[in-house]
Amino acid sequence: MDTFDLVVIGAGPGGYVAAIRAAQLGMTVACVEKEKALGGTCLRVGCIPSKALLEASHVYAHNKHGAEKMGVRVTGMELDLPAMLAHKDAVVKANTGGVDGLFLKNKVKRVLGTGRIAAPGKVVVTAADGSVTELGAKNILVATGSVASSIPGIEIDGDVVGTSDQAIDYHEVPRRMVVIGGGVIGLELGSVWSRLGAEVTVVEYLPRLMAGMDEELASAALKIFTAQGIKFRLGCRVQSAKNAGGKGRVVFIDADGTEQTLEAERVLVAVGRKPFTDGLGLQDAGVRVDNRGRVEIDDHFRTNVPGIWAIGDVVRGAMLAHKAEEEGVAAVEIMAGKAGHVNYDAIPNVVYTDPEIASVGRTEEELKAAGIPYKKGSFPFKFNGRARAMNATDGFAKVLAHATTDRILGVHIIGPQAGHLIAEAAVAIDMMASSEDIARTSHAHPTLSEVVKEAALAVEKRAIHQ
Ligand SMILES: Cc1cc2nc3c(=O)[nH]c(=O)nc-3n(C[C@H](O)[C@H](O)[C@H](O)COP(=O)(O)OP(=O)(O)OC[C@H]3O[C@@H](n4cnc5c(N)ncnc54)[C@H](O)[C@@H]3O)c2cc1C
């Protein structure tokens with residue numbers, strides 16, 4: 001039996017990044033992954049393929065509807081969906097293959113098969129052909145991630161009624177598509193197929209979109225997406241969804257209490273994700289999970305069993321790739337006796353629609369609920385020179401700062417490239433900066449980042465261009 005300083009189970013962004021960092025720190029590392037391609041949900045069927053489709057469908061929609069306003073008339077343009085899907089697959093392959101290369105470079109041993117914790121210090125890996133390998137481990141890191149969840153009444157057939165796993169790979173643009181769930185995955189993949197010509201209806205249980213995001217962003221997003229042609233049915237409780245003779249049929253109770261039925265060629269169930277620990281042997285190893293199936297950990301990523309650690313989607317907190325990565329790095333640094341740490345207040349959250357929506361820190365609703373006094377400055381993209389040049393003036397940036405100390409508590413942006421712009425705010429929050437710090441920092445002109453500066457200036461009512 002080969003023995004390692006660390007055996008990581010799961011090669012998603014949490015697991016593979018942890019494995020590489022551990023190798024950098026001088027540990028001998030094995031990473032067990034049941035799928036042939038490394039990179040987990042994120043690289044195989046999540047962040048990366050969805051962004052490849054969002055980028056490609058944006059080019060299509062922009063050329064169809066936006067370019068003419070900027071003096072570029074595109075004629076004879078047509079959608080080549082097989083080529084778009086091939087582009088997506090090539091992007092996935094480049095990224096997953098890149099992780100293979102990084103494992104080789106860092107001497108991380110890759111073990112293909114399903115890992116089970118037989119006991120603390122011992123992982124048993126079963127390959128697809130049934131062969132079994134035993135690995136000894138000083139430490140075991142559980143990074144088994146998550147899978148799509150569903151709700152009672154929904155019959156997922158993996159075809160007409162499916163999850164994001166299917167919606168990143170429809171081989172025809174559906175005439176109609178119903179998206180169950182108005183969260184990030186539903187909005188992103190709904191946008192892709194809407195841009196390519198599908199009539200998309202989003203059915204959401206709450207009276208708003210994107211639960212947990214700042215309410216002002218959510219209502220701005222609702223208006224913008226509605227203007228783009230996506231239909232929204234908010235405050236609606238889905239009763240059932242199924243493949244009824246080749247068509248998707250979704251039955252729900254609307255906000256007035258009336259039963260409604262929608263039919264569509266495709267139904268995307270995007271109601272959230274749940275931790276994945278099937279077959280991992282947690283119970284036998286004595287590792288505690290909470291009532292939502294998440295592996296319980298302390299503030300240092302240790303489970304209740306010495307030598308077994310957990311990170312990423314399989315533990316509490318936001319289900320985001322970069323959160324999993326930060327936790328992976330911090331966990332192995334702690335194993336190595338270093339001061340690994342994750343600042344959860346500074347983890348950005350991005351929805352890659354058009355415009356993008358990005359947030360870091362506390363929302364206004366959270367500050368109000370916690371009774372924290374705050375000042376607010378916001379600035380719209382329509383007064384920014386670069387946004388005008390891009391013909392992308394929808395949205396605004398909002399900076400929330402403590403009323404007395406001026407420390408930045410939250411930054412929320414809806415607008416072009418918000419996902420890039422939020423990086424500045426994450427650094428500011430991580431470094432405990434004040435709104436004054438951003439307001440006094442020179443931002444290149446003409447860039448979209450000036451909107452963040454102006455929003456920071458607006459905290460003290462001194463925005464220049466409004
Ligand atoms: C459509 C979609 C779009 C997304 N877009 C974004 C985005 O833009 N940005 C973002 O930050 N997040 C995004 N996410 C979320 C992101 O993918 C997850 O937060 C992230 O992948 C979690 O990383 P992880 O390492 O914890 O787990 P995962 O990526 O889920 O990886 C876990 C791995 O463990 C393997 N595994 C599980 N059990 C075993 C076992 N017993 N033995 C061996 N291997 C096992 C699985 O096969 C998997 O490869 C998206 C998700 C989806 C579905």
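Small disclaimer: the values here were computed from a predicted structure and weren't measured. Just follow the structure's listing: the first ligand is 1, and inside any ligand the first atom is 1.
- Within the 4.0 Å heavy-atom criterion, the part of S146 lying near ligand 1 is the backbone and not the side chain.
- Each of T41, T277, D313 was evaluated against S146; a single residue qualifies, D313, per the side-chain hydrogen bond (donor to acceptor under 3.5 Å, both in side chains) test.
- Residues E215 and E364 fail the side-chain proximity criterion, which asks for heavy atoms closer than 4.5 Å.
- In A143, the part holding a heavy atom less than 4.0 Å from any atom of ligand 1 is the backbone.
- The contact set between ligand 1 and S164, taken as ligand atoms under 4.0 Å from a residue heavy atom, comprises 1 (C), 53 (C).
- Nearest to atom 34 (O) of ligand 1 among the protein's heavy atoms is G10 CA, 3.2 Å.
- The shell of residues lying under 4.0 angstrom from ligand 1, judged by heavy atoms, excludes K323.
- Residues V203 and V238 have side chains in contact (heavy-atom distance under 4.5 Å, counting atoms from C-beta outward).
- Counting only heavy atoms from C-beta outward, the side chains of S164 and V45 never approach each other to under 4.5 Å.
- Atom CD1 of I180 and atom CG of L262 lie 9.5 Å apart (nearest 0.5 Å).
- With a 4.0 Å heavy-atom cut-off, ligand 1 is reached by the backbone of P13 and by its side chain too.
- Ranking protein heavy atoms by distance to atom 31 (O) of ligand 1, first place goes to G12 CA, 3.4 Å.
- For a threshold of 3.5 Å applied to N or O pairs, the pair formed by G115 and ligand 1 contains at least one separation below that value.
- Backbone and side-chain nitrogen or oxygen atoms of K51 are examined, and one is located within less than 3.5 angstrom of a nitrogen or oxygen of ligand 1.
- Distances below 4.0 Å separate heavy atoms of G40 from the following atoms of ligand 1: 29 (O), 31 (O), 48 (C), 49 (O).
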Between R288 and E296, is a salt bridge (charged side-chain N to carboxylate O under 4.0 Å, His left out) present by the stated rule, with each step listed?
-> CA-CA 6 Å; R288 269 203 301 266; E296 278 186 17; 3.3 Å; yes
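- The distance from the CD1 atom of I20 to the CG atom of L25 is 12.0 Å, given to the nearest 0.5 Å.
- Distance check: D345 CG to I429 CD1 gives 7.5 Å after rounding to the nearest 0.5 Å.
- With a 4.5 Å cut-off on side-chain heavy atoms, V342 and I347 count as touching.
- Between I9 and I140 there is a side-chain heavy-atom pair separated by less than 4.5 Å.
- The CG atom of D169 sits 3.5 Å away from atom NZ of K88, with the distance rounded to the nearest 0.5 Å.
- With contacts defined as side-chain heavy-atom distances shorter than 4.5 Å, the pair E216/H412 does not qualify.
- Interface of R44 with ligand 1, defined as ligand atoms under 4.0 Å from a residue heavy atom, comprises 47 (O), 48 (C), 49 (O).
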Given T28 and K109, is the side chain to side chain contact (heavy atoms under 4.5 Å, CB included) satisfied, shown in steps? CA-CA 8 Å; T28 53; K109 184 174 169 55; over 6 Å; no
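- Ligand 1 is never approached by G279 to a heavy-atom distance shorter than 4.0 Å.
- Listed by number with element, the atoms of ligand 1 under 4.0 Å from a non-hydrogen atom of R273 are 53 (C).
- Considering only non-hydrogen protein atoms, atom 25 (O) of ligand 1 sits nearest to G14 N, 2.9 Å.
- At under 3.5 Å, a nitrogen or oxygen of L320, whether backbone or side chain, sits near a nitrogen or oxygen of ligand 1.
- Among the atoms of E35, none of the N or O lies under 3.5 angstrom from an N or O of ligand 1.
- The protein heavy atom nearest to atom 27 (O) of ligand 1 is G145 CA, 3.1 Å.
- The closest protein non-hydrogen atom to atom 3 (C) of ligand 1 is G46 C, 3.4 Å.
- Looking at H87 and E55, their side chains never bring a donor and an acceptor atom within 3.5 Å of each other.
- By the 4.0 Å heavy-atom criterion, E325 is excluded from the residues contacting ligand 1.
- Two residues are said to be in side-chain contact when any heavy atoms from C-beta on lie closer than 4.5 Å; Y60 and L81 fail this criterion.
- Nearest protein heavy-atom neighbour of atom 46 (C) of ligand 1: E33 OE2, 3.5 Å.
- Using a 4.0 angstrom heavy-atom cutoff, G113 counts as in contact with ligand 1.
- No N or O atom of L189 sits closer than 3.5 Å to an N or O atom of ligand 1.
- Heavy-atom contacts of G312 reach the following atoms of ligand 1: 26 (O) (cutoff under 4.0 Å).
- For atom 50 (C) of ligand 1, the choice among G186, C47, G328 with the nearest heavy atom turns out to be C47.
- Of the heavy atoms in A321, both backbone and side-chain atoms come closer than 4.0 Å to ligand 1.
- The contact set between ligand 1 and L280, taken as ligand atoms under 4.0 Å from a residue heavy atom, comprises 41 (N).
- Protein heavy atom in closest approach to atom 38 (N) of ligand 1: T144 CG2, 3.3 Å.
- Short contacts between ligand 1 and S50, defined as distances under 4.0 Å to a heavy atom of the residue, involve ligand atoms 3 (C).
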- [ ] Take L222 and R208 through the test side chain to side chain contact (heavy atoms under 4.5 Å, CB included) and record every step on the way to the result.
- [x] CA-CA 8 Å; L222 179 63; R208 54 162 290 178; over 6 Å; no
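- By the 3.5 Å distance cut-off applied to N or O atoms, K34 is counted among the residues near ligand 1.
- Listed by number with element, the atoms of ligand 1 under 4.0 Å from a non-hydrogen atom of V32 are 43 (C), 44 (N).
- Among R175, K231, R266, the one residue that satisfies the salt bridge (Lys or Arg N to Asp or Glu O under 4.0 Å) test with E199 is K231.
- The aromatic rings of Y16 and F103 sit perpendicular, their planes meeting at an angle over 60°, well past the 30° parallel limit.
- The shortest N or O to N or O distance between D313 and ligand 1 is under 3.5 Å.
- Looking at T41 against ligand 1, both its backbone and its side chain come within 4.0 Å, counting heavy atoms.
- With a heavy-atom cut-off of 4.0 Å, V45 touches ligand 1 through its backbone alone.
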